[in-house]
J.: 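Sharing a structure below in structure tokens format, with a few things to ask.
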Amino acid sequence: MLDLKFIRDNFEKVQQAVTNRRDGIDLSQFTTLDEERRGYLSQVEKMKAQRNAVSLEIAQIKKNKGDAQQKITEMRDVGTQIKTLDDKVRQVEDALFQIQARIPNIPHASVPVGASEEDNVSEKTWGEIPILDFEPKPHWEIAEKLNLIDFEGGAKVAGSSFVTFTGKGAKLARALINFMLDLHIEKHGYTEISPPFVVNRQTMFGTGQLPKFEEDLYHSQLDDLFLIPTAEVPVTNLLADRMLKAEEMPILYTAYTPCFRREAGAYGKDTKGLMRLHQFDKVEMVKFVDPETSWAEHEKLLKDAEDVLQALKLPYRVLNLCTADIGFSAAKCYDLEVWSVGVDRWLEVSSCSNFEAFQSRRANIRFRREKGAKPEFVHTLNSSGLALPRTIIAILENYQQADGSVKVPEVLQGFLGTDILK
RNA sequence: GGAGAGGUGGCUGAGCGGCUGAAAGCGGCACCCUGCUAAGGUGUUAUACUGGUAACGGUAUCGAGGGUUCGAAUCCCUCCCUCUCCGCCA
């Protein structure tokens with residue numbers, strides 16, 4: 001969320017950002033509402049000041065055993081007027097907030113302006129695309145043949161786009177989770193968090209999923225609780241309403257969680273195999289940093305995510321997402337895409353974003369630069385490190401052998417207890 | 001699910017319906033004193049919105065939302081959360 005005063009003072013800039021993002025939000029009411037709000041506010045505050053003053057007088061008069069009836073009657077009227085004006089203020093503020101809460105973050109200057117994902121800029125590629133001397137199979141065929149995944153079982157117990165990992169497939173997922181967590185904890189200095197997989201409305205607001213994207217979330221009406229679409233949500237909000245000390249930052253958290261997404265509007269897309277699921281596993285990294293350092297931390301975060309792919313020896317590229325493609329809350333976002341020979345395309349396995357103060361303002365995560373200084377909002381960042389299903393796709397497809405077996409990436413062999421899946 | 005206790009500033013913790021934005025302590029900051037170590041003294045120290053170039057004002061905020069009242073941290077109602085005990089269950 002952007003600061004109200006910032007929007008007021010930089011209205012053109014905000015409008016430009018909205019346009020560049022191809023975000024449909026209509027800002028035309030903002031200025032009117034903002035001015036209306038301040039108008040009512042100054043009116044009602046004057047009346048409250050008067051009421052406060054007269055109330056003191058009444059107290060004095062009563063203390064001296066005088067008759068305050070006249071003033072009390074006057075103030076009774078003022079009180080009623082205050083009540084009506086307060087209602088108006090609230091109404092206007094609600095309307096204003098509806099707009100404010102839906103305004104996306106301002107893209108950083110280094111974000112390419114673009115109209116669609118076509119305009120994302122490839123910053124680098126790493127690794128060699130494997131050349132197979134046989135016709136590569138897609139992962140769903142490999143997985144089914146090796147009994148790693150039960151696609152029908154998932155569909156039966158839950159519905160389409162839910163899968164069940166079985167046997168070595170389940171263990172491969174667990175191996176990946178352990179490998180990634182250990183890497184981030186031991187090599188990259190993150191602290192492991194195992195958060196709730198279910199969160200309340202306020203928490204979803206804090207990271208920006210609400211109010212705009214409610215239809216993408218699984219929701220329990222009875223409790224007004226939501227299944228998390230990413231660990232970013234509970235982990236970032238873990239520090240909501242906190243006042244951090246400058247010296248405790250940066251705070252680095254990593255967490256494994258399942259992620260639940262309704263994928264509304266994506267029906268019929270990527271229905272084969274593991275490409276797009278309603279539930280998937282992911283290891284996430286979250287950072288809370290001093291605003292001065294957040295862009296450097298963003299690059300380091302990207303590196304931490306890349307390390308996973310490099311360790312797995314999977315070829316990938318880094319995209320700098322253009323204005324039309326970055327997420328609502330992000331000021332800048334790199335996507336990591338792995339190449340997979342079976343499906344013959346790039347697959348997104350990580351988004352690495354800097355949110356600057358956009359989330360911390362919503363979740364009220366602050367710090368003091370030094371003792372006695374004014375509180376400021378921290379900057380938050382996060383990156384997948386990585387999402388499992390597409391990583392598994394890439395492993396199965398890129399490591400497949402002519403005989404139908406799959407070699408296990410070296411770094412996973414210890415976790416999986418074997419060097420070949422067959 | 002049943003019974004009880006409680007939610008106040010960066011933290012701990014007081015607070016008869018009116019001079020309480022909120023005692024006290026801790027912590028922080030500034031200064032002073034102290035010839036060592038340790039300590040001691042004085043002052044100062046919330047946030048947001050809003051008006052103003054500024055100086056400086058105004059308003060709000062004691063879990064949330066309503067209500068009573070001229071006036072609510074303080075009284076009433078509803079809800080949320082935390083803790084303790086009991087029951088049930090991984």
Side-chain angles (χ1 to χ4, degrees), chain A residues 1-10 30-101 194-206 210 220-226 234 237-249 251 288 290 357 360-378:
Chain A
M1 191 162 64
L2 300 176
D3 178 59
L4 202 62
K5 269 183 283 198
F6 177 88
I7 303 171
R8 186 149 68 220
D9 298 339
N10 300 274
F30 179 87
T31 307
T32 322
L33 286 169
D34 182 50
E35 277 163 12
E36 234 179 293
R37 166 171 176 269
R38 283 182 291 161
Y40 285 134
L41 222 45
S42 88
Q43 270 185 62
V44 75
E45 286 186 355
K46 264 180 209 141
M47 296 176 91
K48 284 179 177 174
Q50 187 201 357
R51 180 179 70 183
N52 287 345
V54 175
S55 285
L56 275 183
E57 288 173 32
I58 292 172
Q60 283 303 318
I61 294 170
K62 287 202 158 181
K63 210 174 183 181
N64 300 328
K65 310 275 186 218
D67 177 17
Q69 200 46 50
Q70 169 80 29
K71 285 179 189 294
I72 289 178
T73 315
E74 272 174 44
M75 284 307 103
R76 197 170 290 158
D77 271 357
V78 173
T80 334
Q81 292 179 55
I82 288 175
K83 211 161 275 181
T84 11
L85 272 174
D86 266 343
D87 279 348
K88 283 191 176 164
V89 169
R90 179 191 290 255
Q91 250 179 338
V92 173
E93 284 189 339
D94 281 353
L96 199 58
F97 182 75
Q98 287 310 312
I99 298 174
Q100 188 189 8
S194 181
F197 302 160
V198 168
V199 299
N200 58 33
R201 194 166 276 280
Q202 177 61 41
T203 299
M204 279 297 181
F205 178 81
L210 293 181
S220 162
Q221 208 154 31
L222 229 47
D223 306 290
D224 199 24
L225 292 172
F226 298 85
N237 283 282
L238 217 49
L239 299 190
D241 297 316
R242 281 278 303 276
M243 181 71 74
L244 303 173
K245 296 185 183 104
E247 61 268 23
E248 16 178 2
M249 296 194 294
I251 294 174
F288 306 83
D290 182 316
S360 58
R361 188 173 291 112
R362 288 175 164 246
N364 190 32
I365 310 171
R366 299 179 298 170
F367 80 109
R368 286 187 209 278
R369 208 166 275 284
E370 57 203 45
K371 282 131 203 181
K374 272 211 154 295
E376 292 176 58
F377 292 110
V378 307

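Proteins come first, then strands; the chains are lettered A, B, ... in the order of their sequence lines, and each starts at number 1. Scope of the values below: all heavy atoms of this structure, side chains included, with no hydrogens, waters or symmetry mates.
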J.: Strictly by Watson-Crick or wobble contacts shorter than 3.5 Å, is anything paired with B/rU37, and which nucleotide is it?
T.: none
J.: Please check this pair: side chain of A/Ser360 against backbone of A/Phe377, looking for a donor-acceptor N/O pair closer than 3.5 Å.
T.: no
J.: Taking the same atom, P, in B/rC86 and in B/rG71, what whole-Å distance lies between them?
T.: 47 Å
J.: Do other residues, nucleotides or ligands put more than 12 heavy atoms under 6.0 Å from the CZ atom of A/Arg90?
T.: no
J.: So, OP1 or OP2 of B/rU47: does either fall under 4.0 Å of a side-chain N or O from A/Arg368?
T.: yes
J.: Is any side-chain heavy atom of A/Glu74 closer than 4.5 Å to a side-chain heavy atom of A/Gln70?
T.: yes
J.: Any strand counts, and the cut-off is 3.5 Å on both contacts for Watson-Crick or G-U wobble. Which nucleotide pairs with B/rA48?
T.: B/rU59
J.: Taking B/rU20 as the reference, what is the distance to B/rU78 when you measure between their P atoms (whole Å, please)?
T.: 33 Å
J.: Nearest 0.5 Å, please: how far is CE in A/Met249 from CG in A/Leu244?
T.: 6.0 Å
J.: Could you state the CD-P distance from A/Gln202 to B/rC81, rounded to the nearest angstrom?
T.: 14 Å
J.: Could you encode protein contacts along nucleotides 50-60 of chain B as a string, one character per nucleotide from 5' to 3', using B for base contact, S for sugar-phosphate-only contact and - for no contact, with a heavy-atom cut-off of under 4.0 Å?
T.: SS------BBS
J.: To the nearest Å, how far apart are A/Asp224 CG and B/rC79 P?
T.: 16 Å
J.: Can you tell me how far C1' of B/rC62 sits from CG of A/Asp241, to the nearest Å?
T.: 15 Å
J.: Do A/Arg362 side-chain atoms and A/Phe205 backbone N/O form a donor-acceptor pair below 3.5 Å?
T.: yes
J.: If the C1' atom of B/rG18 is compared with that of B/rU82, how far apart are they to the nearest Å?
T.: 33 Å
J.: Which heavy atom in A/Gly206 sits nearest to a heavy atom in A/Asn237, and how many Å separate them?
T.: CA-OD1, 3.6 Å
J.: When the distance from CD1 of A/Ile365 to C1' of B/rU47 is rounded to whole Å, what number comes out?
T.: 17 Å
J.: With rounding to whole Å, what would you report as the distance between B/rU8 and B/rC62 at their C1' atoms?
T.: 4 Å
J.: List the protein contact pattern of nucleotides 15-21 of chain B with one symbol per nucleotide (5' to 3'): B for base contact, S for sugar-phosphate-only contact, - for none; contact means a heavy-atom distance under 4.0 Å.
T.: ---BB--
J.: Pairing donors with acceptors under 3.5 angstrom, does anything connect the side chains of A/Thr84 and A/Asp87?
T.: no
J.: For A/Ile72 and A/Glu93, take the nucleotide of RNA chain B holding the closest heavy atom to each; which residue's nucleotide lies nearer the 5' end?
T.: A/Glu93
J.: How many Å lie between CZ on A/Arg361 and C1' on B/rU47, as a whole number?
T.: 15 Å
J.: Paired with B/rA30: which nucleotide, if any, by Watson-Crick or G-U wobble criteria at under 3.5 Å for both distances?
T.: B/rU42
J.: Please report the distance separating the C1' of B/rG10 from the corresponding atom of B/rU47, rounded so that it comes out in whole Å.
T.: 12 Å
J.: Nearest 0.5 angstrom please: A/Met75 CE to A/Met47 CE, how far?
T.: 8.5 Å
J.: Please tell me which of A/Thr73 and A/Met243 maps to the more 5' nucleotide of RNA chain B, matching each residue to the nucleotide holding its nearest heavy atom.
T.: A/Met243
J.: Is B/rA54 paired to anything, Watson-Crick or G-U wobble with both distances less than 3.5 Å, and if yes, which nucleotide?
T.: none
J.: Does some side-chain heavy atom of A/Phe97 sit less than 4.5 Å from a side-chain heavy atom of A/Met1?
T.: yes
J.: Could you tell me whether the side chain of A/Asp34 reaches within less than 4.5 Å of the side chain of A/Arg38, counting heavy atoms only?
T.: yes
J.: Locate the shortest heavy-atom distance separating A/Arg361 from A/Asp3; write the atom from each residue and the value.
T.: NH1-N, 3.5 Å
J.: Give none if B/rA14 has no partner; otherwise give the nucleotide forming a Watson-Crick or G-U wobble pair with it, both distances under 3.5 Å.
T.: none
J.: Tell me which nucleotide, if any, is Watson-Crick or G-U wobble paired with B/rA73 when both distances must be under 3.5 Å.
T.: none
J.: Find the distance A/Glu36:CD to B/rC49:P and express it as a whole number of Å.
T.: 20 Å
J.: Among A/Val54, A/Ile61, A/Ile58, find the one that has a side chain to side chain contact (heavy atoms under 4.5 Å, CB included) with A/Ile72.
T.: A/Ile58
J.: For B/rG21, what is the paired nucleotide under Watson-Crick or G-U wobble rules, both distances under 3.5 Å?
T.: none
J.: How far does the P atom of B/rG21 sit from the matching atom of B/rG17, given to the nearest Å?
T.: 16 Å
J.: Under 4.0 Å, heavy atoms only, any strand: does A/Arg366 hit a base, just the sugar-phosphate, or nothing?
T.: sugar-phosphate
J.: Distance check needed: B/rA72 P versus A/Met75 CE, whole Å only.
T.: 13 Å
J.: I need the CG-C1' distance between A/Asn364 and B/rG63, as an integer number of Å.
T.: 14 Å
J.: Quote, to the nearest angstrom, the C1' distance that separates B/rU84 from B/rC70.
T.: 43 Å
J.: Roughly how many Å apart are B/rG7 and B/rA30, using the C1' atom of each and rounding to a whole number?
T.: 35 Å
J.: Who is the Watson-Crick or G-U wobble partner of B/rA5, with both distances under 3.5 Å?
T.: B/rU82
